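To find a chain, count down the sequence lines: A is the first, B the second, and so on, and within it residues start at 1. The structure displayed is predicted, hence computed values, not measured ones.
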Amino acid sequence: MRWVRRGGLSTLIFFIPLLASFGLFSWWPILRSLLLSLQRTNFLTSEWVGLDNFARVLRDPLLLTATWNTLWFAILAFVIGFPVPVILAVFIGELRRARRLASALVYLPVIFPPVVAVLLWKAFFDPSPQGVFNTVLGWFDIGPVPWLNSGDLAMPSIVLQATWASFGTATIIYLATLMSIQTELYDAAEADGAAVSRRFWHITLPQMRGVLLVMFLLQVIGTFQVFTEPYIMTNGGPENRTVTILMLIYRYAFISGDYGRATALSVLLAIVLSALSAVYLWATRRWSTS
Amino acid sequence: MTTETGTSERSILSFLDRRRPVVRVSVAAVGTLVIAGLVILCAGPLFWLFKAATSTTTETLSAPFSLWPSGIHWDSFVQVWTRVDFGRYFWNTLALMGGSLFLGLLVATTGGYGLAVLRPKYAKAVFAALLATLFIPGVISLVALYLTVIDIPLVHVSLLGSMWAVWLPSSANAVNVLLMQRFFANIPRELFNAARIDGAGPFRMFFSIVLPMSRPILGVVSLLTLVGSYKEFLWPLLVLPNPQDQPISVALPRLQSSIDFSQFMAALFISVIIPVALFLVLQRRFLQAAGNAGALKG
């Protein structure tokens with residue numbers, strides 16, 4: 001009761017919303033996921049099956065396809081989507097009067113609700129010669145290109161859309177970093193006679209290194225969990241060429257009702273992602289101290 | 001961290017550089033190219049969407065880049081609103097956003113206050129558990145969260161098909177709590193000590209010191225929450241199986257096959273114009289919120 005008199009109870013009251021909401025909808029589901037992955041469940045009974053769910057996941061031939069597709073998405077998104085915001089942020093950073101306008105324009109696609117952006121781009125990807133993108137290609141005597149209907153082009157097309165939808169966030173974050181670089185560094189370099197390109201390589205990039213590494217990590221984690229874009233654009237087709245790991249989890253759980261197998265696959269994916277972040281954080285700490 | 005440095009001194013280029021004609025011309029040229037590229041790439045799709053929504057279907061499908069050959073038609077908007085009950089999805093979306101905002105702010109403000117100001121002994125453990133959720137990928141709990149929502153532990157109630165199934169899980173947002181916690185931690189301790197001497201308890205301090213001082217961060221967190229819940233797709237798709245209850249984002253893909261192309265474009269345009277209008281009015285806030293969330297992730 002001394003605890004109550006010293007304000008322990010009124011303090012606890014402030015923690016109740018947080019504990020209730022995270023407890024029920026964050027911490028418990030994470031724990032439960034680990035339990036579920038070792039069980040076979042229908043709503044009435046659940047049976048302990050050990051690692052059987054994991055074995056069944058690993059035996060599914062579609063897993064290899066989905067893993068490859070997800071990796072391919074991540075690689076494409078990195079190659080197309082990673083350098084663009086960096087370059088753009090550097091250019092926008094050099095603008096004077098138009099900087100506000102440029103940052104507003106860059107952020108506009110981020111404002112699009114993902115579903116709307118995906119559906120609009122799906123219309124752009126119309127494979128007929130009168131489709132929006134095919135019309136543009138037609139001006140240069142190229143195409144028509146089958147876009148989402150082609151096994152080889154479907155994934156790059158989806159990545160193009162996803163990049164368009166997200167490059168604004170990265171650009172704004174890089175721009176904020178650029179603006180916080182101490183101007184004395186540039187002044188000193190200039191006094192030493194460093195040309196513009198040398199100032200970029202020896203001041204701008206090193207100063208951005210931390211943010212670049214974090215953004216890379218976030219991008220990998222994000223792209224490994226891609227769902228909405230392939231789900232709406234192609235629903236995994238053509239010939240399973242755009243089935244991603246998260247889509248496989250969705251199919252196991254909400255189409256086949258196999259919750260054990262679905263959670264086993266999510267646990268596997270989460271382990272890979274966590275390991276990736278751990279290795280990555282360890283590596284960046286080593287590099288930044290040396 | 002803001003992107004607002006309008007009068008700022010220098011960047012990579014200095015004043016001296018900028019006076020050189022070669023630099024001045026190339027900066028102007030690159031600047032024009034960048035702005036023109038951004039207008040086409042970022043504002044272009046929005047404009048095209050408006051054009052497609054106000055043209056007839058055949059016009060758009062046969063010549064996607066011709067500008068209103070038969071004039072502007074507004075009837076697609078009317079049809080979408082009346083015939084496919086788009087207004088209903090619209091209200092569902094607003095209800096989802098409102099509930100998520102209220103519960104999200106409740107959890108973030110009280111939790112942030114407890115962690116940053118009251119700081120009981122167990123706060124460290126709670127804080128660690130909170131940070132852990134940021135590092136554990138969200139995918140791990142998708143299925144388990146669904147099973148939790150259709151059978152809430154202890155009370156055994158199913159939230160399936162109710163707005164609570166979206167509102168409650170969205171309130172467990174660690175980024176929001178941390179943004180609040182960081183802001184509250186920067187309020188000078190002397191203020192709280194003085195209030196305590198004047199006999200104010202934790203509730204008085206929360207309502208008459210912390211909340212009134214936190215308007216900027218409340219704005220940022222509200223904006224992040226509202227935009228986040230407007231964008232949500234997979235979760236409402238799972239927990240709101242009845243078309244009557246669904247928000248715009250879930251209803252749109254379903255409508256695609258059942259309505260005329262120009263009507264569908266009108267539906268897409270309505271869905272995007274609200275956040276875009278909000279963005280144009282509050283763009284400084286939006287960009288600040290993006291920078292803030294980014295700074296936190298970093």
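Looking at V139(B), both its backbone and its side chain come within 4.5 Å of chain A, counting heavy atoms on both sides. For F22(A), the parts lying under 4.5 angstrom from a heavy atom of chain B are both the backbone and the side chain. Neither the backbone nor the side chain of Y252(A) comes within contact range of chain B; no heavy atoms are under 4.5 Å apart. Proximity to chain B involves both the backbone and the side chain of F112(A), based on heavy atoms less than 4.5 angstrom apart. Interface remark: L130(B) contributes backbone and side-chain atoms alike to the contact with chain A (heavy atom separation under 4.5 Å). Contacts of R18(B) with chain A are made by side-chain atoms alone, with heavy-atom separations under 4.5 Å and no backbone atom involved. Interface residue F203(B): backbone and side-chain heavy atoms are both found under 4.5 Å from chain A. Using a 4.5 Å cut-off between heavy atoms, V250(B) makes no contact with chain A at all. In this structure, chain A has no heavy atom under 4.5 Å from any part of A28(B). Interface remark: V227(B) contributes no atoms to any contact with chain A (heavy atom separation under 4.5 Å). Y186(A) touches chain B through backbone and side chain together, each having a heavy atom under 4.5 Å away. Heavy atoms of E190(A) lying under 4.5 Å from chain B belong exclusively to its side chain. Within the 4.5 angstrom heavy-atom criterion, only side-chain atoms of L246(A), from C-beta onward, approach chain B. When heavy atoms are compared at a cutoff of 4.5 Å, L119(A) approaches chain B by way of both its backbone and its side chain. Looking at L168(B), the atoms closer than 4.5 Å to chain A (heavy atoms on both sides) sit in the backbone and in the side chain alike. Both the backbone and the side chain of L46(B) come within contact range of chain A, judged by heavy atoms closer than 4.5 Å. With a 4.5 angstrom heavy-atom cutoff, T11(A) touches chain B via backbone and side-chain atoms both. Of the atoms belonging to L217(A), not a single heavy atom falls under 4.5 Å from chain B. I152(B) touches chain A through its side chain: at least one heavy atom from C-beta onward sits under 4.5 Å away, while N, CA, C and O do not. Residue contact with chain A, scored on non-hydrogen atoms closer than 4.5 Å, involves the backbone and the side chain of L41(B) alike. Using a 4.5 Å cut-off between heavy atoms, V90(A) contacts chain B through its side chain alone, with no backbone atom that close. Both the backbone and the side chain of L120(A) come within contact range of chain B, with heavy atoms under 4.5 Å apart.
For W201(A), the ring pair (Phe, Tyr, Trp, His ring centres under 6.0 Å) criterion is met by no residue, not counting sequence neighbours. Take S171(B) and apply the side chain to side chain donor-acceptor pair (under 3.5 Å) test, not counting sequence neighbours, and it matches S21(A).
Judged purely by atom type and a 3.5 angstrom limit, S10(A) has no side-chain atom pairing as donor or acceptor with the backbone of P202(B).
The shortest heavy-atom contact between V166(B) and W235(B) is CA-NE1, 4.0 Å.
Counting non-hydrogen atoms of other residues, nucleotides and ligands closer than 6.0 Å to CD of Q182(A) gives a total of 12 or fewer.
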Audit row: Y230(B), S271(B), side-chain contact (heavy atoms from CB on, under 4.5 Å) steps and yes/no: CA-CA 10 Å; Y230(B) 193 78; S271(B) 318; 4.2 Å; yes
